[in-house]
Amino acid sequence: MKVLYEDNHLIAVSKRVGDIVQGDKTGDVPLSDMVKAYLKEKYHKPGEVFLGVVHRLDRPVSGVVLFARTSKALPRLNKMFAEHESVRKTYLAIVGNRPPQPQGTLTHWLTRNEKQNTARAYDREVPGSKKAVLDYRLLAQSERYFLLEVELHTGRHHQIRCQLAKIGCPIRGDLKYGAPRSNPDGGISLHAWRLQLEHPVAHVPVNIEAPVPEERLWKELCAEIDKKTDNNLTPIEP
């Protein structure tokens with residue numbers, strides 16, 4: 001487990017493909033328990049360690065996960081994330097098809113199928129749907145794949161996966177949304193790369209970034225960005 005940021009009120013870690021954020025019916029050890037164990041050992045805490053789950057990432061997704069370390073920070077963070085207030089979430093996605101435009105805004109209405117654990121995107125509002133908005137930008141390409149930067153403006157179930165598939169760009173390895181083959185590690189090539197927010201207690205900007213997975217394709221595509229500009233991936237103030 002890699003710690004990306006830590007202070008008295010917050011801790012952010014880099015989630016690996018396959019990790020679950022909270023416990024579920026699989027019985028696998030969740031990331032929340034790993035973080036509690038880390039804090040207990042580091043600070044020699046004799047009792048139960050407080051840790052609040054603020055947001056989640058799908059199991060096949062990697063990247064930044066933020067937790068609250070205090071009961072003071074947790075409700076403030078919950079409100080910020082629920083209302084998309086002073087929070088900016090940026091993802092990187094590898095897709096197999098070039099998007100229709102090099103950059104743009106996608107607006108769809110999503111419905112959720114609880115039984116199949118999937119979402120479906122529509123071009124107009126339908127009964128039971130919720131509006132979903134994201135911005136994307138093409139950053140680099142290889143012979144077969146394209147690297148997109150995605151910024152979320154809403155937080156819907158499987159939003160990035162579903163919306164990119166809707167425009168003919170399913171994420172690499174995402175069989176559920178139309179990718180032709182799975183990834184060797186069983187994950188999908190979607191990475192929660194950067195989380196920027198106003199600190200819920202100190203009220204100062206916090207920029208947290210998770211290194212991309214240690215996989216050749218990720219490294220190759222990011223190297224293509226570096227060739228074009230050395231300032232493309234610098235942090236942006238929230």
Side-chain angles (χ1 to χ4, degrees), residues 15 17-22 24-26 53-66 77-139 145-183 186-197 210 238:
K15 176 189 173 304
V17 165
D19 287 340
I20 52 173
V21 176
Q22 275 187 304
D24 63 9
K25 61 185 180 182
T26 65
V53 176
V54 177
H55 66 122
R56 298 165 184 81
L57 294 178
D58 296 335
R59 188 163 194 162
V61 178
S62 60
V64 179
V65 177
L66 180 70
L77 286 171
N78 284 338
K79 182 175 184 293
M80 289 165 62
F81 274 74
E83 298 177 1
H84 305 282
E85 172 191 324
S86 302
V87 176
R88 185 174 179 181
K89 294 186 281 187
T90 307
Y91 290 72
L92 296 176
I94 299 175
V95 299
N97 297 321
R98 187 184 184 91
Q101 302 294 331
Q103 63 183 34
T105 298
L106 302 182
T107 302
H108 296 105
W109 281 261
L110 271 55
T111 59
R112 182 173 179 178
N113 186 320
E114 298 278 358
K115 187 174 182 180
Q116 297 180 359
N117 190 30
T118 57
R120 184 173 180 181
Y122 295 85
D123 293 324
R124 64 184 188 282
E125 188 174 6
V126 300
S129 63
K130 294 182 178 180
K131 190 176 183 179
V133 183
L134 63 77
D135 293 331
Y136 75 87
R137 181 165 64 110
L138 178 61
L139 294 181
Y145 294 102
F146 302 85
L147 178 66
L148 305 182
E149 178 187 79
V150 178
E151 183 176 343
L152 283 178
H153 295 292
T154 53
R156 308 305 182 198
H157 180 69
H158 288 186
Q159 180 179 337
I160 298 174
R161 301 167 66 179
C162 183
Q163 286 194 272
L164 290 182
K166 177 68 173 176
I167 64 168
C169 299
I171 294 169
R172 174 177 173 261
D174 198 356
L175 300 178
K176 188 169 283 191
Y177 288 96
R181 62 185 66 83
S182 61
N183 288 350
I188 64 175
S189 298
L190 179 62
H191 181 68
W193 170 53
R194 180 184 287 157
L195 178 63
Q196 299 162 284
L197 68 154

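Residue numbers run from 1 in the order of the sequence given.
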Side-chain heavy atoms of [X] within contact of [Y], under 4.5 Å:
X	Y	value
D19	S62	no
H157	N117	yes
L66	L197	yes
R161	D58	yes
L77	M80	yes
V65	H55	yes
K176	P60	no

Using 0.5 Å steps for rounding, measure from the [atom1] atom of [X] to the [atom2] atom of [Y].
X	Y	atom1	atom2	value
Y136	I167	OH	CD1	5.0 Å
Y91	H191	OH	NE2	10.5 Å
L152	I160	CG	CD1	4.0 Å
R194	R88	CZ	CZ	7.5 Å
K89	Q159	NZ	CD	8.5 Å
D174	C162	CG	SG	10.0 Å

Minimum heavy-atom separation for [X] to [Y], with atom names?
X	Y	result
L175	P180	CD2-C, 4.2 Å
Y145	R172	CE2-CD, 3.6 Å
G173	N183	CA-OD1, 3.4 Å
L190	V61	O-CG1, 3.1 Å
G168	N97	O-ND2, 2.8 Å
Q163	L110	CG-CD1, 4.2 Å

message = If we check side chain to side chain contact (heavy atoms under 4.5 Å, CB included) with F146, which of these qualifies: L139, I94, V95?
response =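 Output: one option passes, namely V95.
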ask   = Step by step, would you call L195 with V87 a side-chain contact (heavy atoms from CB on, under 4.5 Å)?
value = CA-CA 7 Å; L195 178 63; V87 176; 3.9 Å; yes
task = Apply ring-ring contact (aromatic ring centres under 6.0 Å, His included) to Y177 and list each qualifying residue two or more places apart in sequence or on a separate chain.
result =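 Testing Y177 for ring-ring contact (aromatic ring centres under 6.0 Å, His included), a comparison that skips the adjacent residues, returns H158.
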Review item, side-chain donor-acceptor pairs of residues 119-135, under 3.5 Å, at least two apart:
| residue | atom | partner | partner atom | Å |
| --- | --- | --- | --- | --- |
| S129 | OG | V126 | N | 3.0 |
| S129 | OG | V126 | O | 2.6 |
| D135 | OD1 | T105 | OG1 | 2.6 |
| D135 | OD2 | H153 | NE2 | 2.7 |

ask   = Taking K15 for the side chain and R59 for the main chain, is one N or O donor matched with an acceptor at less than 3.5 Å?
value =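 Looks like yes, one N/O pair under 3.5 Å.
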